Amino acid sequence: MVSAHGGRPVAGARHRQVKLGAYVTFEGRAWQVAAVAGASVRLVDDHGQTASVLASFLFADPAFAVVDSPAAAVPPWGLLESVPERERERALAWQRHIREVETGLPGGPASGGTPRPEYDPARRSMAEREQAKADELARLGWPQVSRATVRRMRARYHASGLLGLIPRRKPSRATGRADERVVTAVLEALRRQRGRSTGTLKGLRELTGQILADTHGPGAVELPAPSTFNRLVRVIADPLEHPGRPARTATTTPVRPYTPTVALRPGELVQVDTTRLDVMAVGEDGKPVRPELTIALDVATRSVVAAVLREEGTKAVDAALLLAEMAVPHPARPGWPGHLRLAHAAVPYDRLLALDDRLEQAAARPVVVPETIVIDRGAIFVSAAFLAACETLGVSVQPTPPRSPAAKGAVERTFGSINTLVAQHIAGYTGSHILERGEAVEDEARFTVAQLQELLDEWITARWQHRPHEGLRHPVLPKKALTPNEMWGALLGASGYVPLPLAGADYLELLPVRFHPITGRGIRINYRTYDHACLNEHRGRSSLTGPGGGWEVHLNPHDVRQIYIRLPDGLLHEVPWIHRDHVHAPMGETAWRHIRAALNRRGDREHHEAALAEAADHVLRRARPLPGHGAPAPAAAGAASPQTADGDAEAEDSPDAVDAPDADGNPADSDELSPPAGRYALYNAFEEAEHW
């Protein structure tokens with residue numbers, strides 16, 4: 001007799017013995033054991049074919065099993081621990097009794113000892129032993145024990161092991177004894193509420209009653225009491241769509257397990273998002289505003305590869321230019337210390353410089369050409385301008401699932417770090433919650449958006465890129481947290497660096513596109529007239545390529561003093577605003593709308609437009625009063641703008657620099673408020689490209 005032991009109880013082993021007449025499964029076929037000779041087993045199938053195999057080879061077959069016998073398995077001891085102690089002890093007692101009935105010994109055949117006469121397998125049949133055990137248990141006080149009970153417990157033990165001896169209870173429903181029709185109506189009411197403003201449990205109960213009346217007729221199904229109904233809703237409703245939860249966190253799909261985002265090379269995944277900065281700044285009209293911050297975070301290195309601050313209403317052009325900013329080296333600002341340059345960073349600078357000469361004057365920040373950009377379906381990120389820019393640069397766009405903020409967890413956490421590490425130290429900090437806000441935060445605003453932009457760029461280069469990040473670990477140094485710059489340098493050896501040269505025409509192509517006719521007066525956009533001699537031969541004519549005969553126009557919404565039109569030669573030509581010489585600083589659409597609302601008088605078209613231009617210049621001057629009056633200092637108002645005319649204008653001090661008083665302690669003359677000639681030069685994309 002050959003035994004196939006597999007870790008089951010001894011009682012079950014008796015039925016798993018490969019003996020004469022037993023049926024087994026071998027190599028996917030059913031066989032009957034015809035003979036057992038030493039270590040060999042003779043098998044016969046249904047067609048009369050025979051096979052002789054070694055017992056070890058037979059048992060090693062993955063498909064081997066004794067027919068009508070469960071396969072060997074480890075009992076689920078964890079479930080046994082969850083059973084009440086009294087029931088567990090009763091199951092262990094039944095196990096001893098069953099072993100004694102089948103083998104004659106409570107501990108099994110290997111326990112040693114002599115069987116009691118009434119349980120000796122050599123003297124008593126199985127039926128006699130079962131009856132003897134039933135009589136013994138009845139004498140011990142076990143209730144309702146008969147021979148049929150012993151036989152049934154033996155069968156359960158052979159089928160499920162020790163767990164089969166535990167009393168089986170009918171599993172209770174989560175909804176208790178609630179009417180199934182009521183449960184169905186509640187689920188339908190919850191489905192109708194998805195995507196809508198959340199109400200109360202009382203309102204949900206009324207809706208459930210209406211559904212029951214429409215489905216089964218008025219009064220056919222009675223609603224449970226309010227307290228019972230509330231408990232029922234808490235049991236069957238998704239926790240995220242409960243009436244007590246915020247509507248924006250509800251989901252229509254089951255919650256998926258959290259999977260961390262993994263990127264193995266710089267630029268493989270770049271997460272982009274926009275939020276309000278917790279700092280009050282001085283707007284173009286001189287009033288305090290909370291600027292919007294848009295950042296691009298490289299997941300592999302946790303580097304902030306691009307950051308843009310806008311006064312309000314971040315536009316698609318900002319997201320498009322964000323792509324260009326992360327793909328080209330960041331210039332080191334005049335006045336920055338030397339250790340903020342890339343030459344002093346923990347990267348193979350000499351090898352990189354041999355590939356890209358622009359890195360010689362670059363700041364110590366990574367240059368990443370993104371492969372895939374992760375967006376959150378925001379309006380600016382799904383706009384035609386941004387998608388066209390991604391297509392131009394060969395970047396894939398990956399939208400996140402709806403209502404899944406964890407899909408961009410890295411960039412969301414970075415926003416919190418920016419507010420904690422730098423925003424709270426800036427004048428005008430608002431706090432992360434309205435309850436944390438001071439009484440006069442608006443009066444503390446000292447910096448313009450351009451000054452905050454310069455301050456943020458310097459902080460990212462000096463602090464963020466050199467700060468160890470717990471999520472950055474290298475296989476060679478798993479216990480050491482690396483900085484974003486160190487991780488970038490470590491991954492460069494695996495991914496390499498390919499420079500992306502962008503010419504001035506490339507920047508112009510990234511600007512948003514609109515189509516306008518060319519009239520005898522030029523091009524009219526939002527009560528502004530643009531005209532140039534290059535339009536003479538096209539006035540009054542329709543474009544052959546634009547929709548409705550309109551001409552393709554590129555406009556930077558943050559500097560509306562000129563536009564760029566594509567003429568039949570295929571090139572973009574600059575067309576200035578006819579009153580551009582009256583405005584000495586970059587002016588966006590936001591300031592223009594404010595001026596139009598403030599200027600109520602109306603004259604003829606030319607006089608009115610000239611008055612608007614004059615008012616624009618006065619507003620931009622008033623936005624930069626003398627320091628010490630609760631307004632921003634004018635020193636660095638133009639330093640953070642890329643449209644500076646020359647190096648002298650860019651060599652201003654840091655954004656918190658103020659004009660020093662004269663020798664008598666008096667403030668500087670008011671004439672210094674006027675921007676010097678060439679301070680706010682017009683944006684020239686070709687000169688910007690040649691700078692690199």
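Since this is a predicted model, take the numbers as computed values, not measurements.
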Give the ring-plane orientation class for Trp459 versus Trp464, where under 30° counts as parallel, over 60° as perpendicular and anything between as tilted.
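Aromatic pair Trp459/Trp464 classed tilted.
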Side-chain donor/acceptor of [X] to backbone N/O of [Y], under 3.5 Å:
X      : Y      : result
Gln451 : Thr448 : yes
Asp298 : Gly267 : yes
Gln271 : Val411 : yes
Arg290 : Leu277 : yes
Gln453 : Leu309 : yes
Asn485 : Ala364 : yes

As an exercise, state the distance from [atom1] of [X] to [atom2] of [Y], rounded to the nearest 0.5 Å.
X      : Y      : atom1 : atom2 : answer
Leu456 : Glu454 : CG    : CD    : 11.0 Å
His579 : Arg528 : NE2   : CZ    : 12.0 Å
Thr420 : His425 : OG1   : NE2   : 9.0 Å
Glu574 : Cys534 : CD    : SG    : 9.5 Å
Arg341 : Arg365 : CZ    : CZ    : 14.5 Å
Ser417 : Arg463 : OG    : CZ    : 10.5 Å

Does [X] reach the side chain of [Y], with side-chain heavy atoms less than 4.5 Å apart?
X      : Y      : value
Ile523 : Leu535 : yes
Leu340 : Glu458 : yes
Val441 : Tyr429 : no
Thr430 : Val279 : no
Leu472 : Pro484 : yes
Ile418 : Thr414 : yes
Leu482 : Thr301 : no
Glu552 : Phe515 : yes

Minimum heavy-atom distance [X]-[Y], with the two atoms named:
X      : Y      : result
Pro370 : Val270 : CB-CG2, 3.8 Å
Trp336 : Ala363 : CZ3-CB, 3.9 Å
Leu322 : Ala307 : CD1-N, 4.1 Å
Ala481 : His469 : CB-O, 3.5 Å
Val282 : Ala445 : CG2-O, 3.9 Å
Ala281 : Leu452 : CB-CD1, 3.5 Å

Can you see whether [X] engages [Y] through a side-chain donor-acceptor pair at a distance of less than 3.5 angstrom?
X      : Y      : result
His516 : Arg514 : yes
Thr274 : Thr294 : yes
Arg521 : Thr529 : no
Ser303 : Gln465 : yes

side-chain contact (heavy atoms from CB on, under 4.5 Å), that's the test. Do Asp376 and Lys408 meet it? Break it down for me.
CA-CA 8 Å; Asp376 60 356; Lys408 295 195 294 68; 3.2 Å; yes
Would Gln562 and Trp577 count as a side-chain contact (heavy atoms from CB on, under 4.5 Å) here? Give the steps.
CA-CA 5 Å; Gln562 62 277 320; Trp577 182 28; over 6 Å; no
Answer yes when Arg310 and Glu292 have at least one side-chain N-carboxylate O distance shorter than 4.0 Å, and no when they do not.
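Answer for the salt bridge query: no.
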Identify whether the distance between the nearest side-chain nitrogen and carboxylate oxygen of Glu486 and Arg302 falls below 4.0 Å.
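Not counted as a salt bridge, because no side-chain N and carboxylate O are separated by less than 4.0 Å.
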Are Phe386 and Ile375 close enough, and set up right, to give a side-chain contact (heavy atoms from CB on, under 4.5 Å), and what steps lead you there?
CA-CA 11 Å; Phe386 180 73; Ile375 62 175; 4.1 Å; yes
Yes or no on side-chain contact (heavy atoms from CB on, under 4.5 Å) for Tyr530 and Ile578, after CA distance, side-chain angles and deciding distance?
CA-CA 6 Å; Tyr530 299 87; Ile578 59 175; over 6 Å; no
